[in-house]
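As the structure is a computational prediction, the values presented were derived from the model and not from experiment. Proteins get letters first, then strands, A, B, ... in listed order; numbering begins at 1 in each.
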Amino acid sequence: MESKTLKPILAVYVAAFILFLYGPFIVLGILSFQQGPEGGPQFPIIEWSTYWYKHLFGLTPPSRIAPLPVGEALLRSLTLAFMTMVTATVLGVMAAQAFRRRFRGAGIVFYLIVLGMMVPGVLTGLGTSLLANNVVGIERHWWTTAFVTHVVYTFPFAFLVMLAILNRFDGSVEEAAWSLGVSPARTFRKVTFPLIFPGVLSAMLFAFTLSFDEFPRTLFASGRDQTLPLAIYGTFSVEIHPNIFAFGVMTTLFSFALLTVYGILMGLSVRRAKKIAMQEDIS
Amino acid sequence: MAKNESIFRLENITRRFGALTALDNISFDAPRNEYISLLGPSGSGKTSLLRVVAGFEKPDTGRIHFMGRDITDLPAHKRGIGFVFQNFALFPHLTVFENIAFGLRNGTDDVTDAEINSRAQDMVELVGLEGLEDRVPDQISGGQKQRVALARTLIMQPKLVLLDEPLGALDANLRGRMQTELRQIRERLDVTFLHVTGSETESLAMGDTVAVLDRGRIIQSGTPEQIHDTPSSPDVALFLNRFNLFDGRLSAQSFQGPFGTVPVSYVCQNPKDVYAVRYDRTKAFRKGDALPGPALPARFLASEYLGSSIISFFETADHKQVEVDHHLSFGDPDDYNVGEEYILSWDPRHAIVFGSEVAA
Amino acid sequence: MSTGSPSTQRNTFTGWLLAPGVFWMILFLVAPIMMIVYVSFWTQTTFAINSTLTLDSWKNFFSSEAYVGALWTTLRLWLIVLALTFIIGYPAALFVGLLVKSKTVSTILLVLCVIPFWTSFLIRVLAWRPMLGKEGAINIILQKLGLIDSPIEVLLFSELSVIIGMTQIYVVFMVGPIAFMLGRIDRNIIEAARDLGAGFGRIFWKIIFPLSLPGVVVGAIFVSVMVLGEFATSGALSGRKVNLLGNIIVTQVGSLKWAMASVVGVILTILLGIVVAGFLRIVDLKNEL
Amino acid sequence: MAYDLQLKNVGKVYDNGTPAVIDFDLNVEKGEFIAFLGPSGCGKSTTLRMISGFETITTGDLLIRGQRVNDQPPEKRPTSMIFQNYALFPHMNVRQNVRFGLEVKGLPKAEADQKVDGILDKLGLLDISEMPTNRLSGGQRQRIALARSLVVEPDILLLDEPLGALDANLRKSIQNELKLLQRDLGITFVFVTHAQSEALALSDRIIVMNAGRIEQISPPHELYTRPTNEFVARFIGSNTIIPGTVKATQKNTVTLDTPFGAISGTNRINAAHSQGEMMSIVLPAEAVELIPGETDLGQLRETFGPNTIPCTIERLQVIGHIMQMLVRLENGETINIEGHVDKYRGRLTVGASAYVAWQSAGATIIAQ
């Protein structure tokens, strides 16, 4: 195969590709150290400073630039994401469990669920608002209307993740437990659930992440109180200051930190498993 | 209970999947404290039969009795019947020890921890897994997994254990050893094993009783010797993979086949006339040799070494393959030349004849 | 026969497992969409809306150059971004999914691609401004290198900036599914093709590409769904010069013109239906899991 | 003399320095059916992949029809490989799969069609030629893989565990088919397996490998009854190995002094072994006879010479037409014996004393 020449070329390409993905972040990272409060969100850097980071935490003397209204919004977003995660995961696990058996109408139900991730946020947001305003006659809140649209959006992801996991799940371990006299309910708790737990975890992660960063649905359906993405949107529709960049850098670093910890933990457990396997080979 | 009492009984069990009938009105009485092997080719319904007995599937019609009780409507976990899966189905997240203790720990009976641990330890010793108690299933070999699966089932002290092709997932070299071990373990406990397999050698080697399943029906059951030496129909003879079968015509006291007309003394009732002679009773002769019976000219094609015996393939004039089995305990095999013609013959007393006309 | 055959018992159980999810989707997804269709025929006055049915809003949409223009802009941008994400993403996916032999390296590369998603979508969009602006990073670098004399102004607040921004944000949705499908290809298949004498070009076109097609389709569905419903990127990077259907919905809702917003919503729904159904004809999503 | 396939001192060392194959020397004639047999990790698959070109050769030469092909990539070599999982192209139907190799060669359409039809017919695949491959059974998939490889008319067909993915019941009939097909085509087949039954059944010659080295090269029958070293004696068949010291060497037989007295076996190497040398005797389960204890010892000596050992019968099992016997010798060791039922039925009782006996021609002397 000509992969001998192709592979290095593509390797360089992939490096450029990753640079393309991260380019804006680098710029954003540099500009977050812009001088404050006069320095704007553009080049050149007037003077390097950590002003905007301090500003973010309210550690700077008051100025004409209001701090990002992230405090309460952050709390709301976290709560909403948590609620969404739990609901979507429970629904997803249940539906995927049902799909382990063939039943009539499986195709329709499958596409009905998947539709939730295919319909753009503006549409579900708009439709839910219309329904709330004109039919049900309730006020919109992040914990009512926005919440249901978030679940509509994340439930399909949780469902697909669980479906993929359960498709590879060997049902004979459950039958083995039954044949040992263990009731189906206890079998689910002691056998099925522990085995699908990694899948449940990634379904939860998906749901949480998607909901936390959800914007278009929330824009229409959340009513008065803002979630974090709405708060950010609110500031930049007026004027941008490097404090948003600083905030972006903070969240990125936070993500990296989480991932690194996760990666190290995984690496350790894999190495341990390998060690045992190697001892196995030797003996 | 006396030994000849039955452990479970199937009454007219039928199970359909859409248009397919997996089990066709099966009735079967299984003797207690025996090793029963159920031989069937793939698609004969043998796994369905096992799953119906275990309670993983329900029959469309018919009743199942187990130790004198009708269990047809009982769910699997209330039946007290053990099941050993082909892929072992061990709990991957539990250690060997916890796999074995699982049923006692999570069952409905109240068993003290101390008793659970001591019984599990006994089982570990019974199947020879000492030292591996803290491994997880990924860290043990196929043969060891097989033992864990067995121990996990036997700890519940079932009176009946169903084994679904338990040796199928094992390496060819390991199978022979596990066969002996399975039989020995069973003999130590008062338990019936119902072992399902597609391999005729395995079923003959393991069963005290062998039942042959074909298209959802049990077509013969008996001791391995009965099955092997006197198959009741050409179908059974075919599954055994030990018989050359010839079509022909049975009339009065003789059978007319591709080898001429041979006198027949005993005939098994069958709608079609078939003449069967075992591979190891068929011998190849050179032209001019004295023959023990009928003469069937055939061309030598190839031979296959099966280890302790050698099978030679011959082709008759009407392109039918005939096999000759030579066991090494009779000395070295003869050399045949590819393409050359030989005369196949056998002692006609060793043949089994099936036919619609039963000789008087 | 005993009461409650096993199959009916099981069906009931399956039904209970499915009911909550199905009801949720009917109530909060299907009903809202029906509602949009319904409201698009309502009568809109300056400050209020009532449920008298009329075609006025529909007529308004099709008679307005700005609205119909937005439809074409949306379609154009969608096609361009779809093509770009595919062209840029496929080679990257090929490397990550197929050419990298070590599973660890390929996982690390994929994770690297996904990390940006843990930063707010809006901040990611915003990050393009100091990148593309007149005094942005690209112009500074190009000037320093002496490639250009004066800054390129068309980079920001133009259709180009929207395209660049969307491509960067959504290309990963193309790379992921394709890399996944490529990773699932049995290496023996490629060896078998080589063994039969095929060179790389033929192996790619006859084996690799057809087998990765489901990934391309899934990626294309993801990208299409997101680009067609977009409004934030175009809002932030075009300086209101690029109006997509999504932008119109947002502004109409902002000025409480619910009927017109619904009309645009219905058009968007139809558009999406056609696009997704078209892609699903190429591959059955359910079989690819 | 040009062999179809020649490996001259071929060696393979992995990048990390571990040797996989050491000094592999083999000449294969056209039309031979060759098996590489050995436990997992013995280097047999690596050798096969070196022949096909998917692994590089570190040392030595690989010749196909007299031409050195070490540096030729797999697509240029006149070999064709059947993968263990068959590696069928999942998006193509049966016919498209089989056609692929001919399209690559750029054969005219009519000619390609004719060849494809021919091979599909030969392998009984014409009825299913338009079916997608993922719905077909293991046996059918294997035949498709065969057709796909054979249609390009390779000089050598390489098969990686060709029966490994098949149902145990299917194996026997496919085994037979494969053998007749090979004989019919006259193409050299080389296959890899870890199951001795497959190697014995299919091949003309078996190469037994262990830890990267060749242990023995023999036709099946010879390998089974005449192992040349202890590894093969333990790996193949069901042999009893009794160590001893050389007492006497004749041209054809060697007599060993053992705890059971003087016993003899075939002197396979036909060399004079010095007295007192440590050697072992290998008794195949089929070469040993079990004689009821009532038999007159003198009469036994007449038939078997010194080769009789008293024993107790531990276990008797009839499997079809075969009787498997386990006996215990006086020193507590056990011997497996296997024979046709007709020889033994009704003559033996468990627990009774008996003799094991063998003709010295049936046993083999090997180095310890």
Per-residue contact mode, [X] against chain D (heavy atom under 4.5 angstrom):
X         : answer
Glu323(B) : side chain
Gln321(B) : side chain
Ser309(B) : neither
Thr223(B) : neither

Under 4.5 Å from any heavy atom of chain B, what part of [X] do you find: side chain, backbone, both or neither?
X         : result
Ile322(D) : side chain
Ser238(D) : neither
Gln324(D) : neither
Glu338(D) : both
Asn176(D) : both

Side chain Gln317(D), main chain Ala205(B), donor-acceptor under 3.5 Å: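 Yes: the side chain of Gln317(D) pairs with the backbone of Ala205(B).
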For the [atom1] atom of [X] and the [atom2] atom of [Y], what is their distance to the nearest 0.5 Å?
X         : Y         : atom1 : atom2 : value
His340(D) : His326(B) : NE2   : NE2   : 10.0 Å
Lys179(D) : Glu304(B) : NZ    : CD    : 6.5 Å
Tyr305(B) : Ser197(D) : OH    : OG    : 15.5 Å
Leu180(D) : Leu301(B) : CG    : CG    : 5.5 Å
Ile311(B) : Gln175(D) : CD1   : CD    : 10.0 Å

Verdict with reasoning, Lys343(D) to Phe330(B), per side chain to side chain contact (heavy atoms under 4.5 Å, CB included): CA-CA 9 Å; Lys343(D) 277 177 90 164; Phe330(B) 286 127; 3.4 Å; yes
Would you check if [X] and [Y] make a side-chain contact, meaning some heavy-atom pair closer than 4.5 Å?
X         : Y         : result
His228(B) : Val318(D) : no
Thr225(D) : Leu328(B) : yes
Ser308(B) : Tyr224(D) : yes

Between Ala201(D), Ala361(D), Ala287(D), Gly339(D), the one whose heavy-atom pairs under 4.5 Å with chain B are most numerous: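 Looking at each of Ala201(D), Ala361(D), Ala287(D), Gly339(D) in turn, Ala201(D) comes out on top.
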Options Arg183(D), Glu198(D), His221(D), ranked by heavy-atom pairs under 4.5 Å with chain B, top entry: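 It is His221(D).
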Top of Gly331(B), Pro224(B), Ala302(B), Ser203(B) for chain D proximity - count of heavy-atom pairs under 4.5 angstrom: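 That would be Ala302(B).
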Working for side chain to side chain contact (heavy atoms under 4.5 Å, CB included), residues Ile319(D) and Met206(B): CA-CA 9 Å; Ile319(D) 302 171; Met206(B) 309 207 60; over 6 Å; no
Tyr344(D) vs Ser329(B), side chain to side chain contact (heavy atoms under 4.5 Å, CB included): CA-CA, chis, key distance, verdict: CA-CA 11 Å; Tyr344(D) 294 108; Ser329(B) 64; 5.6 Å; no
Mutual orientation of the aromatic rings belonging to His327(B) and His321(D) [parallel < 30°, tilted 30-60°, perpendicular > 60°]: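 Because their plane-to-plane angle is over 60°, the rings of His327(B) and His321(D) count as perpendicular.
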Salt bridge (charged side-chain N to carboxylate O under 4.0 Å, His left out) between Arg345(D) and Asp229(B), worked out: CA-CA 13 Å; Arg345(D) 177 121 64 187; Asp229(B) 297 342; 3.3 Å; yes
Arg217(B) atom CZ: more than 12 heavy-atom contacts under 6.0 Å: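 Not buried by this count: 12 neighbours or fewer within 6.0 Å.
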